[in-house]
Amino acid sequence: MALALWKNFLQITMKRILQQRRLSLYNGAHGYEEESIKKKLQQFSGGSVNLVKEDNGIAILTLNNPKLMNAFTGTMMVELQERVTELENWKDGKGLIIHGAGNTFCSGSDLNVVKEISNSQDGMNMCMFMQNTLTRLMRLPLISVALVQGKAFGGGAELTTACDFRLMTPGSEIRFVHKRMGLVPGWGGGARLVRLVGGGAALQLLAGAERAGPERALALGLAELALPSADEAAALAEARAWLSQYTDGPAAVVRAAKKVVTAARELPLEDALRTEKDIFGTVWGGPANLEALVRRPKHK
Ligand SMILES: CCC(=O)SCCNC(=O)CCNC(=O)[C@H](O)C(C)(C)COP(=O)(O)OP(=O)(O)OC[C@H]1O[C@@H](n2cnc3c(N)ncnc32)[C@H](O)[C@@H]1OP(=O)(O)O
C-alpha cells in the first residue's frame, strides 16, 4: 500500500516537472541554472505575491509590496513562480486578475536587487527565470486580466503583456521605462508588446519610454477597457464583473477556448489547426455539449 502510494506520488511529481519543462522556455541546455538563481533571489526578501482562488473560478493574484510601489524583490520573483505552479494545478480555474496592493500596479524589479545582481551571469539567469515564469503565466488555461491601477513601470509593464487583457483605471499608466535605466525589456515584454501593438508603436513606447495612459493604451490596442473607478476595491469589482462575462459557464469549455487561442498565438498554422482539433475532441460530446443539445438554445 505504502509502496503504491509512493509510486503514485513519484509519477505525479514527474508529470508536473515534465509539464513545467514543456511550458517553460529555458533549461540547462540554454545555460540556465534555475537552482542557482533561485538561491540568489531568495537572499533579497520583502513583500509577497498572494493568491486567492474564488468559488466563481476566478483567482486574484496580488503583488504586495506597497512600500516600494510593489517592486519585485527576489523572494517575490520566486513566489510568483510558485503561484503560477499553483494555478497550473487548479483544474477548476477559469480566470485570473493580477493587480497591485495599495492601488498601484508594479514599479518593476526592485532596484536594490538589480544593483546586487548586476553581473552578467546573474542577470541572464534572472532574465531566463522571469521569462520562464511569465511564459507559463501566459500559457495558463485561464483568461487573464492585468488590472492596471497607478503605475505599471519597467518589469511591471512587461508583466501586463503576459496577460490576455489589460484594464486601466483613471490616471493609471503603462510605461516601459527601461531605456531610462540603460536597459531594454528582458522579461519577454518586448516580444509580447510588438505582438500587441505592432513594431512601430512598440518602438515608440520602448525607445521613447513614453507613457501610455488609458486613452492612448486603448487607441494602441494595449488596453481593452478604461474602467470608471479609481478606487481600489471598486476597480477590482469592475474588473471581476468584466471578466465574468468571459468566464461564465463550464470550466472545461472556457479553458478549451483559452487553449485554442494560445495555440493559434504561438504555433505555425498547421500545428495550431491540429492542436485545435485535439482541444475540440475534449469538449465534443462532453457534458456541456450534450446538455446544450438537449436544451437547444436559440442564439438571438
Ligand atoms: C525589469 C527591469 C525593470 O523593471 S527596470 C525599471 C525599474 N523601475 C523603476 O526604475 C521605477 C523607479 N521608481 C519610480 O520611478 C518612482 O518611484 C515611481 C514608480 C514613479 C513612483 O513615484 P512616487 O509615486 O513619487 O513614489 P516614490 O518615488 O516616492 O516611491 C515610493 C518608494 O518606493 C521606492 N521605489 C519605487 N519604485 C521602486 C523600485 N522599482 N525599486 C525599489 N524601490 C522603488 C522609492 O524609492 C520610494 O522609496 P523611499 O520612500 O524613498 O524609501
Side-chain angles (χ1 to χ4, degrees), residues 25-26 32 37-38 40-41 43-49 62-81 84 98-138 146-163 166 168-194 196 202 205-214 216-217 222 230-232:
L25 283 178
Y26 303 108
Y32 174 52
I37 189 63
K38 266 174 99 164
K40 190 74 164 238
L41 291 172
Q43 292 169 19
F44 307 106
S45 60
S48 60
V49 179
T62 308
L63 308 172
N64 184 27
N65 192 13
K67 264 199 303 200
L68 301 186
M69 311 295 285
N70 300 322
F72 266 98
T73 61
T75 49
M76 284 172 71
M77 291 183 199
V78 176
E79 278 186 34
L80 180 67
Q81 186 202 47
V84 169
I98 301 183
H99 76 140
N103 213 9
T104 192
F105 189 76
C106 171
S107 63
S109 46
D110 179 346
L111 295 174
N112 307 301
V113 180
V114 173
K115 204 167 144 213
E116 293 297 325
I117 61 166
S118 59
N119 68 79
S120 164
Q121 193 189 6
D122 285 345
M124 285 298 98
N125 269 321
M126 185 275 290
C127 167
M128 289 188 269
F129 181 83
M130 287 305 287
Q131 280 202 17
N132 269 354
T133 301
L134 294 186
T135 302
R136 285 169 55 198
L137 172 69
M138 188 177 72
L147 167 57
V148 183
Q149 346 90 274
K151 310 216 186 298
F153 277 14
E158 296 194 61
L159 171 57
T160 70
T161 63
C163 294
R166 283 142 296 279
M168 297 181 71
T169 64
S172 63
E173 55 183 280
I174 298 175
R175 192 172 180 196
F176 294 80
V177 295
H178 305 72
K179 184 188 176 197
R180 296 163 69 98
M181 299 301 299
L183 290 172
V184 292
W187 294 1
R192 292 188 297 265
L193 182 66
V194 171
L196 282 171
L205 292 174
L206 297 183
E210 292 179 359
R211 294 168 201 278
R216 184 168 184 205
L222 180 57
D231 172 74
E232 190 174 6

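Start at 1 and go down the list; that is how both ligands and their atoms are numbered.
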Pull out every atom of ligand 1 sitting under 4.0 Å from any heavy atom of [X], numbered as shown with elements.
X: G108; value: 4 (O)
X: K151; value: 20 (C)
X: G155; value: 1 (C), 3 (C), 4 (O)
X: M181; value: 10 (O)
X: G154; value: 4 (O), 6 (C)
X: D110; value: 41 (N), 42 (C)

Proximity flag M130 to ligand 1, non-hydrogen atoms under 4.0 Å: no
Looking only at non-hydrogen atoms, which of [options] approaches [atom] most closely?
atom: atom 43 (N) of ligand 1; options: V114, V177, L159, L68; value: L68
atom: atom 39 (C) of ligand 1; options: A71, G189, G182, P66; value: A71
atom: atom 3 (C) of ligand 1; options: S107, A157, S109; value: S109
atom: atom 21 (C) of ligand 1; options: H178, M69, M126, K67; value: M69

Candidates I37, L80, L41 - the one meeting side chain to side chain contact (heavy atoms under 4.5 Å, CB included) with M130: L80
pair R192-L134: side-chain heavy atoms closer than 4.5 Å: yes
Nearest neighbour in protein (non-hydrogen) for atom 20 (C) of ligand 1: F153 CE2, 3.5 Å
Closest protein heavy atom (residue, atom, distance) for atom 41 (N) of ligand 1: L111 N, 2.9 Å
